[in-house]
Amino acid sequence: MANAEPVLQPRQPAPADYYQNNLQQAFSFVLERYADMLSADDVDRLQQFLGASADAQRLLARLLTRAGPYFLRSTLNYAEVSSPDDAVAELHQRGLISFQSGAADRLIKLYTKNALCERFNLAATIRKLTKQQIIEHLLGRYTDRQLAQRLGAVQAWVRLRHLSLWRLSRLLFFGSTSQDWSTFVRKDLGQIRYEELPLSRPQYQDAAALSERLLAQHLQYLCYRLDEYPQLAPALFSALTEAMHDKSTGDRLQRCALLLAHWVERNLCPDLALRIYELTNKPPARERRVRILQRLEQLEAAGSLRQEILNAPLSAKEQVFAERFGRRGAGFQPPVTEMRIRGPYDSIEEYALTELVPDSGWGVHCENSLVRSLTGLLYWPVIFADVEDAFTNPFQSAPHDLFSEDFCQRRRVLLSKHERGLSDDSELVKFLTRTVQAKNGTANRLVNWTLLQTVPLEQWLEALPVKVIRALCQFLIRNLGDYRSGFPDLFICYGPDDFEFVEVKGPNDQLQPQQRAWFRVLDELKLPARVFKLKPR
DNA sequence: ACCTTGCACGCAAAC
DNA sequence: CCGGCCCTAG
DNA sequence: GTTTGCGTGCAACTAGGGCCG
Ligand SMILES: [Mn+2]
Ligand SMILES: [Mn+2]
């Protein structure tokens, strides 16, 4: 468990085969698991990489860590590539790079403003413009092909081909679009550790599942561009209606529907928005429907949908909404203390700390990360338990279903066994302490290691009774979907086992539904919590 | 989850 | 000449 | 005064170098 010497050191060259090995590992993984879902061409391209010489693999590995798709030939010299010329020739011969230009706008950016002015003999008046303006001037005046050729005469360039395949491979290897090849580097620098994960079957069982994911991603991308291209809205609506026809549609498509409906609600008309929201019940779809119906003065429809939510809320936020909509002051009311602001401040939460923390105590502004981190530590083996389809990729920081409704249900045997082991106070403390030691720095979606550096576990254990930690974590692990946000801003410790949770509200801020939901829970658990309302002087 | 997501603040308009 | 941004690297 | 909508900011690793304004 002791950290071996890291493979990488900042500012020191990586081993010659480092990037090459990473890519081999990733592409082998992709081919092993997904070859039958990729096109024959894409499979061939990945095999072209795996079959290439060391030099060519190393050069391509470097290209993939860079922005591209164009690269100046002069920037392709790497210590670990013995003959860049041969490597370039081989990658070209294997069809992975090209010397023909596509759109020139990405290429032209590689050249300095000065080089552009010289090459195109620009007049002094034009040279005074910004680089971006000069680029636009040139793009308007020359064809892409002309530009590519004339720029190539200044400095040779190459173009990486098959960008969408590299993107897809990244998605299949990491399981999300958020992670990129620098994940390897961060791990090997020792910045992050990753759990040894029990990988189950592939993330996508067939080509249809994969293409649904890709379609959802594309539709989502279009939704984000609606402001730019409003005429996309009807096409998006029919595409979504089509895609969501069978009821078991994935979460991403439902999010697309919510995005589109929200945009339509703001920019087009409530009627259409209503119809789009009807594609899903994923919150806040029903909430939005109630609000729209109310605005359209269809009061009975609004009322009965509100009742439907009350009968079976799909999230805590939805429940709070249904309880309070149209009835001010309803729902749970937490205790509130008020105070006038007496001095200047940057952050209202930090200011509140100076007012609330006594000399004998301490406090931090940590919001959700306190209870999330304690829960992540306390339930570590449950979170990383080997459950079917939970782990499909080597660098996950949580199981895919961590925030889903049936997370605990699917782990109930292990969960109750684990909790029996923690029922004794000193066992719980021992478990937390050991987990912090053993897992320090290991990626876990729930754990904020920075917080535990600021305030070490021992200090938390002095301030919080074990029974409180147990109760909070027991609650959160069962309600991660709803309660991963909304926890009060501040933790304040007045003395041993004497603490309080405080939500700070500035003059123009008020309690959000998720925050209200947490206050109700804290009240049920009989934990001290209040709103601290600061008013202007 | 970076062609994003999640979270929460601060302001202004509507009630 | 400096600050900010983008890119690169480990 | 309260509720709602909307825009905004921040954090997602860190440091250094070159270009640009
Ligand atoms: Mn807050
Ligand atoms: Mn607050």
Side-chain angles (χ1 to χ4, degrees), chain A residues 6-15 18-19 22 62-63 65-68 71-72 75 78-79 109-116 128-135 163-164 167 170-171 174-192 217-225 228 252 255 259 262-263 265-267 284 287-288 291 294-295 321 324-331 346-349 365 367-369 372 395-398 403 441 443 445 448-450 484-489 503-515 533-536:
Chain A
V7 180
L8 293 184
Q9 296 280 330
R11 325 241 74 231
Q12 280 178 38
Y18 177 73
Y19 296 103
N22 293 345
R62 290 290 192 160
L63 297 189
T65 67
R66 291 174 51 178
F71 306 89
L72 294 183
T75 66
Y78 291 99
K109 284 196 177 74
L110 298 185
Y111 296 81
T112 64
K113 180 178 175 179
N114 226 336
L116 295 176
K128 286 203 187 81
L129 303 174
T130 67
K131 182 180 181 182
Q132 189 50 41
Q133 289 168 323
I134 290 175
I135 288 176
L163 301 187
S164 58
R167 216 181 8 247
R170 237 173 48 189
L171 175 71
F174 290 109
S176 68
T177 51
S178 72
Q179 288 172 296
D180 60 21
W181 306 117
S182 74
T183 304
F184 282 101
V185 172
R186 296 213 303 281
K187 180 197 74 174
D188 292 324
L189 283 168
Q191 290 178 347
I192 316 176
Q217 194 171 308
H218 180 63
L219 294 180
Q220 182 188 19
Y221 171 70
L222 294 180
C223 284
Y224 278 111
R225 305 195 59 171
E228 235 173 301
R252 293 187 91 82
R255 280 205 312 247
L259 274 174
H262 191 222
W263 186 89
E265 190 185 350
R266 267 181 311 172
N267 297 280
E287 171 182 340
R288 298 311 317 166
R291 290 185 192 280
Q294 186 84 11
R295 235 180 304 149
F321 158 77
R324 287 170 55 83
F325 183 68
R327 36 198 84 194
R328 310 188 154 201
D346 277 341
S347 128
I348 191 106
E349 291 86 2
H365 172 210
E367 310 213 345
N368 311 298
S369 53
R372 284 172 66 141
F395 291 102
Q396 283 178 237
S397 56
F403 296 131
R445 185 79 65 86
N448 180 343
W449 291 108
T450 325
R484 77 191 110 138
S485 70
F487 200 81
D489 291 316
E503 170 57 40
V504 183
K505 286 298 167 204
N508 298 308
D509 195 9
Q510 76 291 316
L511 217 53
Q512 294 160 22
Q514 263 120 343
Q515 296 174 332
K533 194 163 188 162
L534 286 162
K535 309 204 294 184

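We name chains A, B, ... by the order of the sequence lines, and we start the count at 1 in each one.
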Looking at residues at least two apart in the chain, or sitting in another chain, which of them share a side chain to side chain donor-acceptor pair (under 3.5 Å) with [X]?
{"X": "A:Arg167", "result": "none"}
{"X": "A:Asp509", "result": "A:Lys505"}
{"X": "A:Thr112", "result": "none"}
{"X": "A:Gln294", "result": "none"}

Taking only residues two or more places apart in sequence, or in another chain, which ones meet [X] in a side chain to side chain contact (heavy atoms under 4.5 Å, CB included)?
{"X": "A:Phe403", "result": "A:Arg372, A:Arg445, A:Leu446, A:Leu480, A:Arg484"}
{"X": "A:Gln217", "result": "A:Leu171, A:Thr177, A:Arg213"}
{"X": "A:Asn22", "result": "A:Tyr18, A:Phe184"}
{"X": "A:Thr450", "result": "A:Asn448, A:Gln453"}

May I ask you to evaluate whether [X] reaches the phosphate of [N], defined as a side-chain N or O under 4.0 Å from OP1 or OP2?
{"X": "A:Tyr78", "N": "C:dA9", "answer": "yes"}
{"X": "A:Tyr19", "N": "C:dA9", "answer": "no"}
{"X": "A:His218", "N": "B:dC3", "answer": "no"}
{"X": "A:Lys131", "N": "D:dC20", "answer": "yes"}
{"X": "A:Lys128", "N": "D:dG21", "answer": "no"}
{"X": "A:Arg225", "N": "B:dC3", "answer": "no"}
{"X": "A:Arg11", "N": "C:dG10", "answer": "no"}
{"X": "A:Arg186", "N": "C:dA9", "answer": "no"}
{"X": "A:Arg291", "N": "D:dT4", "answer": "yes"}

Taking [atom1] from [X] and [atom2] from [N], how many angstroms apart are they, rounded to a whole number?
{"X": "A:Arg167", "N": "B:dC3", "atom1": "CZ", "atom2": "P", "answer": "10 Å"}
{"X": "A:Gln396", "N": "B:dA1", "atom1": "CD", "atom2": "C1'", "answer": "13 Å"}
{"X": "A:Phe395", "N": "D:dC13", "atom1": "CZ", "atom2": "C1'", "answer": "15 Å"}
{"X": "A:Phe403", "N": "B:dG6", "atom1": "CZ", "atom2": "P", "answer": "9 Å"}
{"X": "A:Leu116", "N": "D:dC19", "atom1": "CG", "atom2": "P", "answer": "13 Å"}
{"X": "A:Arg252", "N": "B:dC3", "atom1": "CZ", "atom2": "P", "answer": "13 Å"}
{"X": "A:Leu222", "N": "B:dT4", "atom1": "CG", "atom2": "P", "answer": "11 Å"}
{"X": "A:Arg62", "N": "C:dT8", "atom1": "CZ", "atom2": "P", "answer": "11 Å"}

Taking the [atom1] atom in each of [N] and [M], what is the distance between them to the nearest angstrom?
{"N": "D:dC6", "M": "C:dA9", "atom1": "P", "value": "44 Å"}
{"N": "D:dA15", "M": "B:dA1", "atom1": "P", "value": "28 Å"}
{"N": "B:dC7", "M": "C:dG3", "atom1": "C1'", "value": "30 Å"}
{"N": "D:dG18", "M": "C:dC1", "atom1": "C1'", "value": "15 Å"}
{"N": "D:dG7", "M": "C:dC6", "atom1": "P", "value": "23 Å"}
{"N": "C:dT8", "M": "D:dT8", "atom1": "C1'", "value": "30 Å"}

Under 3.5 Å, which N/O atoms of the protein pair with N/O atoms of nucleotides 1-7 of chain C?
none

Do any N or O atoms of the protein come closer than 3.5 Å to N or O atoms of nucleotides 13-15 of chain B, and which pairs are they?
{"unit_1": "B:dC15", "atom_1": "O2", "unit_2": "A:Arg328", "atom_2": "NH2", "d": "3.4"}

Taking [X] for its side chain and [Y] for its backbone only, find out whether a donor-acceptor pair lies under 3.5 Å.
{"X": "A:Gln515", "Y": "A:Gln512", "value": "yes"}
{"X": "A:Glu287", "Y": "A:Phe321", "value": "no"}
{"X": "A:Glu367", "Y": "A:Asp489", "value": "no"}
{"X": "A:Lys113", "Y": "A:Leu129", "value": "yes"}
{"X": "A:Thr130", "Y": "A:Gln133", "value": "yes"}

Does [X] reach a base, just sugar-phosphate, or nothing at all? Heavy atoms under 4.0 Å.
{"X": "A:Arg288", "answer": "sugar-phosphate"}
{"X": "A:Gln191", "answer": "base"}
{"X": "A:Leu8", "answer": "sugar-phosphate"}
{"X": "A:Phe325", "answer": "sugar-phosphate"}
{"X": "A:Tyr224", "answer": "sugar-phosphate"}

Closest to the A:His262 side chain, choosing from B:dA1, D:dG21, D:dC6: D:dC6
Between the protein and nucleotides 7-10 of chain B, list every N/O to N/O distance that falls short of 3.5 Å.
{"unit_1": "B:dC7", "atom_1": "O3'", "unit_2": "A:Asn368", "atom_2": "ND2", "d": "3.3"}
{"unit_1": "B:dA8", "atom_1": "OP1", "unit_2": "A:Asn368", "atom_2": "ND2", "d": "2.9"}
{"unit_1": "B:dA8", "atom_1": "OP1", "unit_2": "A:Gly486", "atom_2": "N", "d": "3.3"}
{"unit_1": "B:dC9", "atom_1": "OP1", "unit_2": "A:Glu349", "atom_2": "OE2", "d": "3.1"}
{"unit_1": "B:dC9", "atom_1": "OP1", "unit_2": "A:Asp489", "atom_2": "OD1", "d": "3.3"}
{"unit_1": "B:dC9", "atom_1": "OP1", "unit_2": "A:Asp489", "atom_2": "OD2", "d": "3.4"}
{"unit_1": "B:dC9", "atom_1": "OP2", "unit_2": "A:Lys505", "atom_2": "NZ", "d": "3.4"}
{"unit_1": "B:dC9", "atom_1": "OP2", "unit_2": "A:Asp509", "atom_2": "OD2", "d": "3.4"}
{"unit_1": "B:dC9", "atom_1": "O5'", "unit_2": "A:Asp509", "atom_2": "OD2", "d": "3.4"}

Partners meeting salt bridge (charged side-chain N to carboxylate O under 4.0 Å, His left out) with A:Arg324 (sequence neighbours left out): none
Whichever of A:Asn114 and A:Arg324 has its nearest DNA chain D nucleotide further upstream toward 5': A:Arg324
